[in-house]
Amino acid sequence: AGQNNGPWATAASNWVYGSVAGADAHKGSDPGDQNLITPIETWNVNASNDYLADVWQARYDGVQRANETLRLMALATDMSAEDITQVTAESRFLRGHYMFELKKLFGNVPWIDETISYTEGNFLVPNTVDVFPNIEADFQYAYDNLPEDYTSGAFSGQYGRANRWAAASYLAKTFLYEKKYTEAQALLVTIIASGKTSSGVKYGLTSHFADNFNPAKKNSQESVFAAQMSVNDGSGAGNANAGDVLNFPYGTGPGGCCGFFQPSFGLANSFKVDAAGLPFLDGSFSNTDLKSDQGASSNDPYTPDNTTAVDPRLDWTVGRRGIPFLDFGPMPGSDWIRNQASAGPYVAMKNLYYKSQAGVLTDNSSWTPGYTANNVNLIRFADVILWAAEVEIEAGSLDQAQTYVNMIRARAADPTGFVQASPAVYKIGLYPAGAFVAGGQDFARRALYFERRLELALEGHRFFDLARWGTAAAELNAYAQHEANVSGYLLIKGATFTAGKNEVLPIPQAEIDKSVTAGASVLTQNPGY
């Protein structure tokens, strides 16, 4: 939980820092509600914003707990060598996860391991050394020492535990962020060929895209690593997905609160397809906007678009008026929107429960039924496949990259997974044989980048992808201009992303102030802040 602002400031899903800051969604709700999100959304945040202090503290709390486990284990006299290896590997995996999060968010961060403690008095650690090599080492140890899966033994069936392949996937992701494509390529080939879930099933894509976001179907063969959530277990919603609890439709909608996290016009537009069912990679998808009920009340007559062909993943990601919304019936429009003028006509879907699951997979013991059993998918196998496509592109293996991208598109093209009884026109095609080779490396990159947006929309990845690709300034500045023009959206009007600065957040001023020795802080602020 955040120290000041609630668990949404530190959500495992990174909905604020990865999706709202990354052009997938607007803050939503009323402009003044949780207004510390607005400067994050508009890339105008300063070091005194309490959201930053909260997420820094929460992620380092995770680091600290891993370190405390390692320190306490060293004092134990009743643990077998096998148990010591298992606990060490799990602790280092979790430390690697939290340090990777900090690296993504803040760039230059101090490395804190089990040798750092208040007792030793060595806790003032500078942030001038790259932490990626240490993150690599943690994930490598976990990869070398964790079991392949948990089909037997003391931890049998405990899906939330990291296994060897989750560690391998995180190690590959670390290589990818470091642009160590050769190392990432070899590891990803191994994961795709050999990886198994904690129930012993080989990793693969689920038959239906939407199953990844259905709390009744979590921990499937596509779940490589997920934060586990549970409800109605006597904890008073303490084990539920609290970080996304604000992100439900408003008013009469499911969850009843609070109208945050509204998908952007640009995201909805990106699901439009051409006559072959392929995306508009040239950016022309935003030349015109999808029909919406922006500016209309739910009592006003409205006919949803039944002519524009769209990728079917749109309607498992974005709730739009007149289109079936899970099993709740057609989305009614502004009755589910808190402030349409502020954040548009759309609502997020991937964090939702089904109407038939209310009270079973939602927790009714707290102030809102938005406390759900939805896991947070930290690594899906679709993500792994798209990483593999990316490294093959960088290696020049464009045909193999196209094969991987088409695997993702083929699953989305499964007609039994389309939204049923929808007036929308769904169409999705595969890239034809040789398309990546003919288009060249730049075309292949654009296709891969676009596919990641469509497949992983609203899952907290977009901003970090744009930052590591070096495309954030171009993409986000064009997005800000478009959103302001299409809706008069005041919160983002005039927003500017500054390259070389806004790829990371500022180091929280509170942390700089607490890290003073000999009259100066050991923490160095990021450039531009």
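Quick caveat, the model's predicted, so the values are computed rather than measured.
- Using modelled atom types, one side-chain atom of Asn351 and one backbone atom of Asn247 make a donor-acceptor pair closer than 3.5 Å.
- You'll find the side chain of Thr317 reaches within 4.5 Å of the side chain of Leu458, heavy atoms only.
- Under the 6.0 Å cut-off for aromatic ring centres, Phe261 and Phe248 do not qualify, their centroids lying 6.0 Å or more apart.
- When Arg411, Lys217, Gln221 are each tested for a side chain to side chain donor-acceptor pair (under 3.5 Å) with Thr206, only one passes: Arg411.
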Q: Would you check, one step at a time, whether the test side chain to side chain contact (heavy atoms under 4.5 Å, CB included) holds for Gln228 with Asn219?
A: CA-CA 9 Å; Gln228 302 292 307; Asn219 295 316; 3.0 Å; yes

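- Taking the side chain as every heavy atom from C-beta outward, Met349 and Leu326 approach each other to under 4.5 Å.
- The shortest distance between side-chain heavy atoms of Lys272 and Leu314 does not fall below 4.5 Å.
- For the pair Glu455 (side chain) and Arg452 (backbone), a donor-acceptor distance under 3.5 Å is absent.
- A side-chain donor from one of Asn239 and Asp233 sits under 3.5 Å from a side-chain acceptor of the other.
- The backbone N or O of Gly460 lies less than 3.5 Å from a partner atom in the side chain of Ser19, making a donor-acceptor pair.
- A distance of 6.0 Å or more separates the ring centres of Trp165 and Tyr203.
- For Thr471 (side chain) and Glu475 (main-chain N/O), no donor-acceptor pair under 3.5 Å exists by modelled atom type.
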Q.
Please determine whether side chain to side chain contact (heavy atoms under 4.5 Å, CB included) holds for the pair Lys427 and Val273, giving the CA-CA distance in whole Å, both sets of side-chain angles, and the decisive distance to 0.1 Å.
A. CA-CA 7 Å; Lys427 188 177 183 66; Val273 296; 4.1 Å; yes

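- The ring-ring contact (aromatic ring centres under 6.0 Å, His included) with Phe93 is formed by just one residue from the set Tyr141, Phe225, Tyr143; it is Phe225.
- Checking Ser366 against Asp363 by side-chain atom types alone, no donor-acceptor pair falls below 3.5 Å.
- Side-chain contact between Phe260 and Lys27 is present, with at least one heavy-atom pair separated by less than 4.5 Å.
- Using cut-offs of 30° and 60° on the angle between ring planes, the pair Phe285 and Phe450 is perpendicular.
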(Q) Apply side chain to side chain contact (heavy atoms under 4.5 Å, CB included) to residues Ser270 and Leu454 and explain how you reach the verdict. (A) CA-CA 7 Å; Ser270 68; Leu454 299 175; 3.8 Å; yes

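- A tilted orientation is assigned to the rings of Tyr60 and Trp56, their planes being inclined by 30° to 60°.
- Looking only at side-chain heavy atoms (C-beta outward), Asp138 and Met99 stay at 4.5 Å or farther from each other.
- Residues Trp316 and Phe213 place their aromatic rings such that the two centres sit no closer than 6.0 Å.
- The CD atom of Gln140 lies 14.0 Å from the CD1 atom of Ile135; values are rounded to the nearest 0.5 Å.
- Phe100 and Phe139 have tilted rings, their planes meeting at an angle from 30° to 60° on a 0 to 90° scale.
- The heavy-atom pair separating Ser264 from Ala23 by the smallest distance is OG-O, 2.8 Å.
- Residues Asp315 and Tyr426 bring a donor and an acceptor atom of their side chains to less than 3.5 Å of each other.
- Side-chain contact between Asn212 and Lys218 is absent, with no heavy-atom pair separated by less than 4.5 Å.
- Remark: the backbone N or O of Tyr371 is not paired with any side-chain donor or acceptor of Asn241 at under 3.5 angstrom.
- Partner Leu188 forms a side-chain contact (heavy atoms from CB on, under 4.5 Å) with one of Tyr181, Trp387, Tyr404 and no other, that one being Trp387.
- Proximity of Phe436 to Val405: side-chain heavy atoms (C-beta onward) are separated by under 4.5 Å at one or more points.
- Scanning all heavy atoms of the two residues, the minimum distance from Cys257 to Thr368 falls at CB-OG1, 4.2 Å.
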Q: Applying side-chain hydrogen bond (donor to acceptor under 3.5 Å, both in side chains), run through Asp54 and Asn5 and close with a yes or a no.
A: CA-CA 7 Å; Asp54 286 0; Asn5 297 288; 2.9 Å; yes

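- Judged by a 6.0 Å distance limit and a 45° cone about the ring axis, Arg320 is not positioned over the six-membered ring of Tyr346.
- Distance alone, capped at 3.5 Å, is enough to place a donor-acceptor pair between the Lys202 side chain and the Ile192 backbone.
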Q: Could you please spell out the steps behind the side chain to side chain contact (heavy atoms under 4.5 Å, CB included) verdict for Leu448 and Phe443?
A: CA-CA 9 Å; Leu448 179 277; Phe443 172 84; over 6 Å; no

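- Side-chain contact check for Tyr51 versus Thr10: every heavy-atom pair is 4.5 Å or farther apart.
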